[in-house]
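Below: one structure, written as structure tokens.
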There are 2 protein chains.
Amino acid sequence: MATTSVVSAFRVLEGVARLQPVGLSELAREVELPKSTVQRCLLTLQEVGWAESSSSAPTRWSMTLRALSVTGGMGARESLRDVAVPVMHELQLSTTETIHLVAPDGDELVLLERLDTAHSLRAFLPLGERIPLHASATGLAFLSACDAGRIDRYLDGPLVPRTPDSLTDPDRIRDELAHIRERGWSVNVGGLSSGISSLGAPVLDHTGSPVAAVSISGPSSRIEPSRFDDLGAQVAQAAARITQRLRA
Amino acid sequence: MATTSVVSAFRVLEGVARLQPVGLSELAREVELPKSTVQRCLLTLQEVGWAESSSSAPTRWSMTLRALSVTGGMGARESLRDVAVPVMHELQLSTTETIHLVAPDGDELVLLERLDTAHSLRAFLPLGERIPLHASATGLAFLSACDAGRIDRYLDGPLVPRTPDSLTDPDRIRDELAHIRERGWSVNVGGLSSGISSLGAPVLDHTGSPVAAVSISGPSSRIEPSRFDDLGAQVAQAAARITQRLRA
DNA sequence: ACCATTGTGCCATCTGATGGACCGTTTGTC
DNA sequence: GACAAACGGTCCATCAGATGGCACAATGGT
């Protein structure tokens, strides 16, 4: 856990990403590094084209769009998206709700792709949003397809609630996972964002371990319990089709 | 242009992004750095959570999804997207074609948001794709709203064609830009991808300089010249509405 | 079994990162 | 208008850590 210059650089970069547009002092405070270090870091980041100070406000720093470009070239994940998007689109048309595609990164899920609904009342998450495994439909769906070891390890860690309705009791979650495995889809009512309900299902690779998850999300007023069976069956089917096409 | 460790780190990172999943030697050759340097770099990148070697193939390196997360928090650009998406959605519904939102990064445009069409025949670009200013409808639209100095500087540089139909002659481009300024929208037939036609219009900030561009894209067989006036007027109007809401 | 290519570890050398001190400027408070 | 507080930016002596050549190990193709 050495504190090399590269480590500092990424600390600074992630600080900028979080706080942009941000000034030197505030940033230095946030990432807990001396101002002079942060300053040199910013110049270096500018040199490599990852950060910039807008010409109108030369002391406020932002990220460039280069980060977006490197995510664009993600080989394996690209193919996942290419396969998933058409299926997601059909799901979007038949449900008219927001469809999400997420993939794991560490012990969280990251929002890879989102197809919005035409409704003005929307469940809106930015691409790249990080989503906990225990407080989302996609997370529970994903977790339900993991092997017991990984589940145990995850449920051993601290499970911070995102809303008052988030599941945080390991035993409750295990019960829920069993249900999900039986019927093939998960449901989460207001556990990630209050007032938003989602239904999810896992996408598997050729070995059977989960590589992604899909979900349908919308305001709880529209996504009523009476529609769960129908919508759940639809996500499960969509996820299964993505799984199937992934093997080709 | 010093060659600090941070510069190497980003060289390596971008190399990984481009070639992933990639081995050490190939990567070292690509980024033109000694193998030992590249390896230490990879370990550091792993430490900060930006690169990883898959457990199944521990010698092949890929990027994590962290890059996606930092793009998610893009403050100013987020608000641009928030404003643009609803307008884009209406445009999508009324044209049933693919809608793109791009923003400048350096001398290129980057695809920020995409709303797909229901058509199976689609113009598909991944988010984060880099688009040259002279060979796209969005690029020409953007360029048409730049000040003369910037246009001159850009047209002085090398204009590499993307397809045989790309515009590369500075004088032809200047003529085109004049047309675009008159009627308010640009058109590009097969200049970015063969068989794909697009119409674009610029989004301006409060000072009148361009900050983004919107476009309608689809197969040239559907986006026929006879529809240009209608579709062009629609993008222009959409861009104008985004411009307007951006001032609020 | 052989060779080509790849991944990994080591270490003497010296580059370049560090961070405290300092200065000029801006912001906002009385 | 004057003062204080916070800001962005620069400098430089010190030393941590980056460098890259080399040698060894592991892989896989023929």
Side-chain angles (χ1 to χ4, degrees), chain A residues 1-64 66 75-76 206-207, chain B residues 1-64 66 73-76 206-207:
Chain A
M1 193 61 78
T3 164
T4 87
S5 62
V6 177
V7 175
S8 308
F10 279 93
R11 285 265 291 282
V12 170
L13 183 69
E14 288 171 20
V16 171
R18 209 169 41 245
L19 306 166
Q20 68 183 321
V22 67
L24 175 61
S25 300
E26 182 188 355
L27 184 56
R29 237 177 291 115
E30 181 70 18
V31 301
E32 294 178 314
L33 288 168
K35 280 202 301 180
S36 30
T37 301
V38 173
Q39 159 91 340
R40 258 175 305 103
C41 245
L42 285 172
L43 291 176
T44 310
L45 288 175
Q46 183 173 39
E47 191 179 314
V48 297
W50 280 70
E52 65 186 352
S53 51
S54 65
S55 48
S56 58
T59 71
R60 319 241 82 201
W61 294 83
S62 310
M63 290 196 57
T64 63
R66 181 147 319 201
H206 53 96
T207 73
Chain B
M1 191 63 76
T3 165
T4 85
S5 63
V6 177
V7 175
S8 309
F10 278 94
R11 285 264 293 283
V12 170
L13 183 69
E14 288 172 20
V16 172
R18 208 168 42 245
L19 306 165
Q20 68 183 319
V22 66
L24 174 60
S25 301
E26 181 187 357
L27 184 57
R29 237 177 292 116
E30 181 70 18
V31 300
E32 294 177 315
L33 287 169
K35 279 202 303 178
S36 26
T37 302
V38 172
Q39 197 191 12
R40 257 177 305 103
C41 246
L42 285 172
L43 290 177
T44 311
L45 288 174
Q46 182 175 39
E47 190 178 318
V48 298
W50 279 70
E52 65 186 352
S53 52
S54 64
S55 50
S56 59
T59 71
R60 319 240 82 199
W61 294 82
S62 309
M63 290 196 57
T64 62
R66 185 148 315 197
M74 295 203 161
H206 53 96
T207 72

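Throughout, a chain's letter reflects where its sequence line sits, starting with A, and its residues are numbered from 1. The model shown is predicted, which means the values in this text are computed figures rather than measured ones.
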Report task. Quick one, give me the B/S/- string for nucleotides 3-8 of chain C, reading 5' to 3', where B means a protein heavy atom under 4.0 Å from the base and S means that only happens at the primed atoms, P, OP1 or OP2. Result -> ---SBB

Which atom pair, heavy atoms only, marks the closest approach of [X] to [Y]?
| X | Y | result |
| --- | --- | --- |
| B:Ala51 | B:Trp61 | CB-CE3, 4.4 Å |
| B:Gly15 | B:Val31 | CA-CG1, 4.2 Å |
| A:Arg66 | A:Gly49 | NE-O, 3.4 Å |
| A:Leu19 | A:Val22 | O-CB, 3.7 Å |
| B:Gly23 | B:Arg60 | N-NH2, 3.2 Å |

Requested in this report: For the residue pair B:Phe10 and A:Phe10, categorise the inter-ring angle as parallel (less than 30°), tilted (30 to 60°) or perpendicular (more than 60°).
Outcome: parallel

Separation of atom [atom1] in [X] from atom [atom2] in [N], rounded to whole Å:
| X | N | atom1 | atom2 | answer |
| --- | --- | --- | --- | --- |
| B:Leu33 | D:dA18 | CG | P | 14 Å |
| B:Leu45 | D:dA18 | CG | P | 12 Å |
| B:Arg11 | D:dA18 | CZ | C1' | 15 Å |
| A:Leu27 | D:dC7 | CG | P | 12 Å |
| A:Glu30 | D:dC7 | CD | C1' | 17 Å |

Between [X] and [N], does any side-chain N or O lie under 4.0 Å from OP1 or OP2?
| X | N | value |
| --- | --- | --- |
| A:Thr37 | C:dG19 | yes |
| B:Arg40 | D:dT19 | yes |
| B:Ser8 | D:dT19 | yes |

